[in-house]
Number of protein chains: 2
Amino acid sequence: MSEVSGQEPAASERIAAILRDEILSGKIAPGQRILQEEVAERLGSSRLPVREAIRILDADGLLEVEANKGARVPYLDINQVEVLYRMRERLEPLALIESMPALTEADFERLDEIQVRIEAGVDVQAFLELDREFHLLTYSHCPTEQLRDSVTRLWNSTSHYRRAFMEITGARRMWIVNAEHRLLLEALARQDSQDAERYLVGHIQRTRKELSQHPEIFTH
Amino acid sequence: MSEVSGQEPAASERIAAILRDEILSGKIAPGQRILQEEVAERLGSSRLPVREAIRILDADGLLEVEANKGARVPYLDINQVEVLYRMRERLEPLALIESMPALTEADFERLDEIQVRIEAGVDVQAFLELDREFHLLTYSHCPTEQLRDSVTRLWNSTSHYRRAFMEITGARRMWIVNAEHRLLLEALARQDSQDAERYLVGHIQRTRKELSQHPEIFTH
DNA sequence: TCGCTCGGGTTTGGATCCATAATTTAGTGC
DNA sequence: GCACTAAATTATGGATCCAAACCCGAGCGA
């Protein structure tokens, strides 16, 4: 994650990117094991760059590695996800405040475009991708890479449960998300860090509370 | 970092542990490059486990890796370290609250022993190691591995600057550290999460403010 | 029938060799 | 003498082969 990537993506980076997509999109589910040889053959390389890719994804919080036993997408229980959300509640406002002053006109246009699309109504997968882009874009100018990476890790490791939640609840309470996003955008446009932090924390907190009312998501 | 380590430490883990010590103790300084071959020869292995170890340390926040250019201990500027401290101020109280209820009698004895040693007066290197053990031990029962790892990463990547600070200021204001540690311990013994959080945040905040008054630490 | 042990097969971990990219140095032309 | 170029050196990235650890099932015995 911390790679600056010279200019050409190394094979291990390329493989890591593909696996990352497959995990985030749910094609590879929690509990599922990653077989080095299978991945190597499927992506046309030797096992070595796959091993490096697995380390990269481990650092991204997408895989857990156990010595001599391989890598798998971790199962999380409801308590762990709760704590991950509490971490988000504390870290993301910091990233937002650090990033807000540097947001450009182009960023605001893109944020508005994303929000318009979400409001137009999209399926679960599209919503998850747009929502992720929306929030990570608001943090993108945070100058501290460690903070950006930490936030990204938190989004990564909770993505599966966000999807499961959306698939259960459907679009019923989507108007709340939209209202929160709009309020956040408006505060950002005013460069009001207090309001922005308030709306962001509320947004994450509400999601955590709703999520914890669906323990069935975590039975496996 | 997330390795559960079956029973026998894999070579890559062993090498990572050695390099981690060398970086944390300052034997390898920020800016210094890690040559795979040199490490491999020095530790009696091939380059391959060294490559894995480098990935592990990258995930630990101790190295930065650039494609085709190798790994080095990152330089941080004063602003980055400030943000890392603000991250600590937000994350460590969470880890502490999650861990506090599970602290055992043996933990408290060890914490007291550490604090007694610090008060007896030790050199910089010993203080850094004891202080690290002290705080990480108070978080050690936090059930969420991601949170423990995040906190450890923050300690890792700021360790060099903590040492530089201590070497400049010496033992002059050590009584403040001791008072803060004692108040924290007492609050933990009472299972008073409010007080514990208050003292911990104050402790980290004060360090951040004192550190930011020594910008000369960050000139390289 | 249940549990234990001892295989065979599968999968990960490590070593060596080769390819490729970056850096440095020597050379050449102006 | 300086700047640009090209070749040699150095270091990282990748492929293949071999070793060691783990997993699963068959067979044996209580």
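Chain A is the first sequence line, chain B the second, and so forth, proteins listed ahead of strands; every chain is numbered from 1.
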Is the shortest side-chain N to carboxylate O distance from Glu129(B) to Arg132(B) below 4.0 Å? no

What nitrogen or oxygen pairs link the protein and nucleotides 11-15 of chain D at under 3.5 Å?
residue : atom : partner  : partner atom : Å
dA11(D) : O3'  : Arg33(B) : NH2          : 3.1
dT12(D) : OP1  : Ile34(B) : O            : 3.3
dT12(D) : OP2  : Gln36(B) : N            : 3.4
dG13(D) : OP1  : Asn68(B) : N            : 3.2
dG13(D) : N7   : Arg47(B) : NH2          : 3.0
dG13(D) : O6   : Arg47(B) : NH1          : 3.4
dG14(D) : OP1  : Ala11(A) : N            : 2.8
dG14(D) : N7   : Arg51(B) : NH1          : 3.1
dG14(D) : N7   : Arg51(B) : NH2          : 3.2
dA15(D) : OP2  : Ser46(A) : N            : 3.0
dA15(D) : OP2  : Ser46(A) : OG           : 3.0

Do you know which two heavy atoms are closest between Glu98(B) and Leu147(B), and how far apart they sit? CG-CD2, 4.5 Å

Could you list all the side chain to side chain donor-acceptor pair (under 3.5 Å) pairs where at least one residue sits in residues 71-85 of chain B, not counting sequence neighbours? Glu82(B)-Arg86(B)

Output yes when Glu52(A) and Arg55(B) qualify as a salt bridge under the 4.0 Å nitrogen-oxygen rule, no when they do not. yes

In short, Glu22(B) meets Arg42(B) closest at the heavy-atom pair OE2-NH1, 2.9 Å

